[in-house]
Amino acid sequence: MSINIAIDGPAGAGKSTIAKLVAKKLGFVYVDTGAMYRAMGIYFMKKGISPDDEASIGKACGDVDISIVYEDGVQQVFLNRENVTGLLRTEDAGKMASAVSGYLSVREKLVELQQKLAASENVVMDGRDIGTVVLPKADLKVYLTASVETRAKRRFLELTEKGIPCNIKEIEKDIEERDYRDMHRENSPLRRAEDAVYLDSSDMDINQVAEEILEKLKSKE
Ligand code: C5P
């Protein structure tokens with residue numbers, strides 16, 4: 001049986017950085033589920049389908065193939081056999097992902113893929129519904145959050161480092177809107193699973209959070 005760690009939380013809480021580090025320390029595979037929703041979002045954008053058009057999105061879900069391959073331990077996302085990994089981290093892809101991730105047709109397709117991956121490998125998987133829906137029997141569940149101000153500041157620094165012009169107030173507003181949508185949607189809203197460990201990373205550095213997660217896993221053994 002594979003070992004599964006689920007990490008959920010709002011946008012910009014540091015889930016992917018932490019999940020990657022924990023996976024590396026344990027020799028597990030890191031599965032970024034947000035990237036799959038982003039790839040779906042890109043597909044609908046390419047086809048010119050509006051995020052409000054649920055019927056067309058449902059139909060398009062039947063034609064799209066999302067697959068995951070690991071190259072040197074790094075997740076690569078293929079959209080209809082094209083590697084789109086480099087296109088996923090833009091603000092537009094994030095917004096489109098958030099706008100379409102409420103539809104059952106989109107979720108069902110991706111949850112199946114995520115469950116298959118977790119059944120065959122030891123994984124650290126991050127997202128919004130991993131502990132509640134995708135892996136309800138995960139060996140360890142973590143709900144990782146941080147204040148909106150901290151999350152906006154981290155995002156601002158990340159974009160500024162890349163030379164991308166941005167405004168911290170706008171980032172804060174985007175984060176709040178995305179959280180609201182993700183927490184209030186009908187299907188698989190973001191919420192802490194009852195048995196998830198709650199971690200607020202506002203005043204913790206990456207290594208402290210990773211150590212805390214590894215300790216919790218140890219105490220479960
Ligand atoms: O984590 P990331 O910012 O890449 O996720 C993009 C969007 O995909 C989220 O805002 C959320 O709407 C959606 N998502 C989801 N369920 C997941 C992972 C991501 O609904 N398990």
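In this chain, numbering begins with 1 at the start of the sequence shown. Order of listing sets the numbers, starting from 1, for every ligand and every atom in it.
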Under 3.5 Å, which donor-acceptor pairs link side chains of residues 15-27 to any protein atom two or more places apart or in another chain?
{"unit_1": "Lys15", "atom_1": "NZ", "unit_2": "Gly9", "atom_2": "O", "d": "3.0"}
{"unit_1": "Lys15", "atom_1": "NZ", "unit_2": "Pro10", "atom_2": "O", "d": "2.9"}
{"unit_1": "Lys25", "atom_1": "NZ", "unit_2": "Glu211", "atom_2": "OE2", "d": "3.4"}

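Under the salt bridge (charged side-chain N to carboxylate O under 4.0 Å, His left out) test applied with Arg151, the options Asp200, Asp179, Asp174 reduce to a single match, Asp179.
Looking only at atom types and distance, the side chain of Gln76 has a donor-acceptor partner in the side chain of Asn83 under 3.5 Å away.
Heavy atoms of other residues, nucleotides or ligands lying less than 6.0 angstrom from OH of Tyr180 number 12 at most. Atom CD1 of Ile206 sits in a sparse spot, with 12 or fewer heavy atoms from other residues, nucleotides or ligands closer than 6.0 Å.
Residues lining ligand 1 at a heavy-atom distance below 4.0 Å are given as Thr33, Gly34, Tyr37, Arg38, Arg89, Ala97, Ser98, Ser101, Arg107, Gly127, Arg128, Asp129, Ile130, Arg178, Asp182, Arg185, ordered by chain and residue number.
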* To do: Start with the C-alpha distance between Asp182 and Arg128, add both sets of side-chain angles, then the distance that settles salt bridge (Lys or Arg N to Asp or Glu O under 4.0 Å), and finish with yes or no.
  => CA-CA 8 Å; Asp182 289 346; Arg128 304 292 188 289; 3.3 Å; yes
